[in-house]
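Heads up: the structure comes next, in structure tokens.
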Amino acid sequence: MQPYMPLGTLYAAAALLAKGFSVVAFDSMLEAPSDGFVEMLAAHRPNIVSVYEDDFNFLSKMCLTRMREVAWEIAKTARSFGAVTIVHGSDSTDNPSLFLANGFDYVLCGEAEETLVQLCNSILSADEVPKIDGLVRLDQSGQVVRSAQKLSKNPAWSELSSPARDLIDVGPYRAAWLEAHGYFSTNMVSSRGCPYQCNWCAKPISGNKFHLRPATAVAEEMKLLKEEARVDHIWFGDDVFALNHHWIEEFAEEVTNRNAVVPFKIQSRADLMSEQTVQHLKTAGCAEVWLGVESGSQVVLNAMDKGLSLPSVIAARSRLKEAGIRACYFLQFGYPGETWTELQETINFVRETRPDDIGISFSYPLPGTVFYERVQAELGQKRNWTDSDDLCIMFNAAYKTDFYRAVRDALHVEVDSWREPEQSDATHAQVEALWHKVIELEPVSRNADALVSSERAAIASTAFVAVEALAPAGHS
């Protein structure tokens with residue numbers, strides 16, 4: 001996993017600092033509480049320990065069992081030093097009772113920078129906890145009590161301080177990036193939330209609201225990162241970048257005026273990549289766009305309520321290529337109703353449009369989504385991935401997990417092979433072998449129960465085609 005700074009935590013820390021609190025940041029959510037964390041507790045004896053998830057990382061929307069268990073261990077360790085414990089994040093928002101039962105005193109739901117300040121004030125003042133939006137706690141009898149307003153209201157960007165990056169030692173981040181990639185990248189955001197209605201995407205923190213930072217503020221932060229942190233690259237963690245085409249034009253102008261151009265990458269939608277937007281992105285320094293394509297089958301896209309047409313993806317790919325911007329696809333395998341036919345449509349679509357890179361995940365039922373409600377009855381004991389590399393199917397998809405992994409591996413290697421000036425015999429043999437494995441697995445990996453799921457999903461399913469029809473590009 002690439003070491004990106006936990007922006008959500010640093011925004012929350014900045015809100016506390018702005019109100020006069022003393023804050024110590026400790027980034028340790030990927031491992032069990034370390035000796036360093038225990039030493040910090042012993043040295044500082046904090047009154048409050050807050051586990052504040054990064055709201056600007058799509059992985060934090062998933063309940064990863066490893067992350068959940070680490071949070072619980074942090075809470076229990078902090079309480080052993082007498083600290084009051086607070087947690088904020090997608091998983092705790094979905095399952096507050098679990099977190100309260102495993103070491104946390106309070107759960108904050110929604111965009112919680114300001115409510116964290118309010119809660120800390122009341123705790124340190126030994127006052128009665130006020131009625132705070134998005135707060136969940138236990139009463140004296142051990143019953144769960146939650147505020148009338150389930151999620152805290154979205155604070156305006158103008159009310160938030162810049163992320164408190166000075167609390168983080170940049171050195172290890174820089175060293176890790178230089179060793180792995182030869183350049184130093186860090187992350188920032190220009191917006192939060194997403195107004196689109198994809199029925200598999202959870203929005204436990206921001207809901208459907210979307211709001212932008214001023215273009216001037218974003219450009220100024222880029223300048224600071226370029227000149228003071230000496231970054232070589234920036235990753236924007238926005239759920240959807242370039243939603244407002246007027247903002248993009250202003251952003252490009254502000255970045256240019258400040259000489260703040262730094263190569264950056266974004267996540268966006270193909271239907272936002274107009275000719276003008278692509279040119280403004282190029283002017284501002286955009287080097288790479290990750291598009292949420294999800295599938296090369298229009299049937300599957302429609303079932304997802306994606307609101308996206310495949311021709312718009314083709315147009316976006318072409319415009320980005322002409323501008324010299326890398327175009328990459330996020331793809332999703334296993335959505336209900338996706339059969340071998342739809343999978344082949346995705347494979348062929350990737351071959352025809354030739355993205356510069358792809359990222360493949362498997363459909364993951366997130367609480368609070370239409371997709372989750374659709375497959376909830378099919379979920380067994382395993383309802384969460386252990387970590388981000390788990391990649392397993394937890395409901396009755398058309399195929400078993402091993403088959404999807406085989407397709408993922410074959411397509412990844414084939415796309416990677418396109419970067420070679422001329423495909424070597426060894427690479428060709430590897431690609432052929434991986435697709436041969438897919439063809440062998442297809443008939444023995446089908447899940448008969450998925451046919452019922454497909455009918456319930458009301459997706460027009462087509463018949464299976466002969467597996468011989470699938471062959472690596474150029475070798476059919």
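For the numbers below, each heavy atom of this structure counts, side chains included, while hydrogens, waters and symmetry mates do not.
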So that I can tick it off, tell me whether Arg317 and Asp356 are bridged by a salt bridge, with the cut-off set at under 4.0 angstrom between side-chain N and carboxylate O.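 A salt bridge links Asp356 with Arg317.
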
State whether Glu221 and Arg165 are salt-bridged, where the test is any N-O pair (Lys NZ or Arg NE/NH1/NH2 against Asp/Glu carboxylate O) under 4.0 Å.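 Judged by the 4.0 Å cut-off on N to carboxylate O distance, Glu221 and Arg165 do form a salt bridge.
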
Please check if atom CG in Asp425 has more than 12 non-hydrogen atoms from other residues, nucleotides or ligands closer than 6.0 Å.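 Incorrect, the count does not exceed 12.
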
More than 12 foreign heavy atoms under 6.0 Å from CZ of Arg230: is that the case here?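 Incorrect, the count does not exceed 12.
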
Could you tell me whether the side chains of [X] and [Y] share a donor-acceptor contact shorter than 3.5 Å?
| X | Y | answer |
| --- | --- | --- |
| Glu249 | Trp247 | no |
| Glu342 | Ser297 | no |
| Glu420 | Thr427 | yes |
| Tyr329 | Thr353 | yes |

Can you confirm if the NZ or CZ of Arg192 lies within 45° of the ring axis of Phe210 and under 6.0 Å from the centre of its six-membered ring?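 Cation-pi check for Arg192 and Phe210: fails.
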
Distance to the ring centre below 6.0 angstrom and angle to the axis at most 45 degrees; does that hold for Arg351 and Trp435?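 Arg351 over Trp435 ring: yes.
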
Does the ring centre of Phe371 sit less than 6.0 Å away from the ring centre of Tyr335?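 Close enough - the centres of the two rings lie under 6.0 Å apart.
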
Identify each donor-acceptor pair in which a side-chain atom of residues 255-262 lies under 3.5 Å from a protein atom, sequence neighbours left out, and give them as a table.
| unit_1 | atom_1 | unit_2 | atom_2 | d |
| --- | --- | --- | --- | --- |
| Thr256 | OG1 | Ala252 | O | 2.7 |
| Asn257 | ND2 | Glu253 | O | 3.3 |
| Arg258 | NE | Glu220 | OE1 | 2.7 |
| Arg258 | NH1 | Glu254 | O | 3.4 |
| Arg258 | NH1 | Glu254 | OE1 | 2.4 |

